[in-house]
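Contents: one structure, followed by commentary.
Nothing here was measured: the structure is a model prediction, and the numbers come from that model. Along the sequence shown, residues carry numbers from 1. All values below were derived from every heavy atom in this structure, side-chain atoms included, with hydrogens, water molecules and symmetry-related copies excluded.
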Amino acid sequence: MTSDSSAPWPPLSPVLVDLGAGLATTGGFAVYRFVPYAQAVRQGLPSPVVPWAADWPPYLQGTISHYAPLPEATSESPAIARDLKFQERDGQQLPARQAVYRGWPLYLFDLDVPGGPARGRVPGLFEVVTPDVPPLADGDDLPTWPGVYGGP
């Protein structure tokens, strides 16, 4: 949970904006991508199963469990909206639509404070999404990961 009790968690109907240092919700929450998906795409894996937070090794569970899929989002910026899509997720009895930007599933970090620094940035694991992040694949038919079968 965030320390600001007035900000809903996760943000309802999030709207994404570019704050210069990366994408964020209009409520001030940084938006993250799970960096290891790029390796899976480069290897041509059809749809790797990424375990739910509870199924990760114990030494990573404490970190992974703080990331939540960003609900389906919009943006008033045509440049962002063009590459913003969603994917259906059915995870841990909580079906949801997860926002996807340029093929990257988007996440929020529950210890971030609205308008504060991106505390959830873990180089090589979770990084703040920038508007110019390279797509996961070339072409219009970008894969979405992790699909309905798992993921942080």
Side-chain angles (χ1 to χ4, degrees), residues 1-41 50-57 59-137 140 142-152:
M1 278 290 175
T2 67
S3 60
D4 179 356
S5 60
S6 66
W9 182 259
L12 304 174
S13 304
V15 177
L16 299 186
V17 295
D18 178 10
L19 295 181
L23 297 183
T25 67
T26 52
F29 289 100
V31 176
Y32 301 89
R33 65 186 172 108
F34 185 61
V35 177
Y37 291 135
Q39 181 66 28
V41 171
V50 178
W52 297 111
D55 298 325
W56 282 68
Y59 67 92
L60 284 176
Q61 285 180 3
T63 299
I64 297 295
S65 65
H66 287 287
Y67 295 88
L70 178 71
E72 183 177 1
T74 60
S75 180
E76 293 177 4
S77 163
I80 295 171
R82 176 185 62 238
D83 294 324
L84 189 60
K85 299 184 179 3
F86 70 90
Q87 67 179 357
E88 296 288 341
R89 282 181 58 125
D90 181 17
Q92 300 192 327
Q93 303 163 353
L94 296 172
R97 290 180 157 195
Q98 180 178 11
V100 176
Y101 182 73
R102 303 190 97 193
W104 292 97
L106 303 179
Y107 297 90
L108 298 170
F109 185 66
D110 70 356
L111 298 177
D112 276 350
V113 176
R119 296 178 181 169
R121 185 176 178 277
V122 179
L125 194 60
F126 282 94
E127 294 183 1
V128 175
V129 177
T130 58
D132 61 349
V133 66
L136 276 178
D140 294 329
L142 297 175
T144 55
W145 304 84
V148 298
Y149 299 108

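No side-chain heavy atom of Leu16 sits less than 4.5 Å from a side-chain heavy atom of Thr74.
Here Arg119 does not pair with Asp112 in a salt bridge; the nearest charged N to carboxylate O distance is not below 4.0 Å.
Checking side-chain atoms of Tyr101 against main-chain N and O of Pro131 turns up a donor-acceptor pair under 3.5 Å. At distances below 3.5 Å, at least one donor-acceptor pair connects side-chain atoms of Trp104 with backbone N or O atoms of Pro134. Looking at Tyr67, its side chain never comes within 3.5 Å of a backbone N or O of Arg33 through a donor-acceptor pair. With hydrogens and angles ignored, the 3.5 Å screen pairs a side-chain donor or acceptor of Arg102 with a backbone N or O of Val133. Side-chain N or O atoms of Tyr32 include none that pairs as donor or acceptor with a backbone N or O of Phe109 at under 3.5 Å. A donor-acceptor pair is defined here as one N or O able to donate and one able to accept, closer than 3.5 Å; no such pair exists between the side chain of Ser75 and the backbone of Val17. Checking side-chain atoms of Gln98 against main-chain N and O of Leu106 turns up a donor-acceptor pair under 3.5 Å.
The two atoms that bring Gly27 and Pro114 nearest to each other are O-CB, 3.1 Å, heavy atoms only. Here the closest non-hydrogen pair linking Val31 and Ala24 is CG2-CA, 3.8 Å. Val128 approaches Gly22 most closely through the heavy-atom pair CG1-CA, 3.8 Å. Nearest approach of Leu108 to Ala30, heavy atoms of both residues: CD2-O, 3.4 Å. Shown here for Pro78 and Glu76, the closest heavy-atom pair between the two residues is CD-O, 3.3 Å. Looking at every heavy atom in both residues, Pro14 comes nearest to Leu70 through CG-CD1, 3.8 Å.
Within the model, atoms CG of Asp110 and NE2 of His66 stand 5.5 Å from one another, a figure rounded to the nearest 0.5 Å. Interatomic distance, CD1 of Ile64 versus OH of Tyr107, reported as 9.0 Å (0.5 Å rounding). Note that the OG1 atom of Thr26 and the CG atom of Leu19 stand 9.5 Å from one another [nearest 0.5 Å].
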- prompt: Under the side chain to side chain contact (heavy atoms under 4.5 Å, CB included) criterion, do Leu23 and Thr130 qualify, and how do the steps go?
  reply: CA-CA 6 Å; Leu23 297 183; Thr130 58; over 6 Å; no
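Using cut-offs of 30° and 60° for the angle between ring planes, the Phe126 and Phe34 rings count as tilted.
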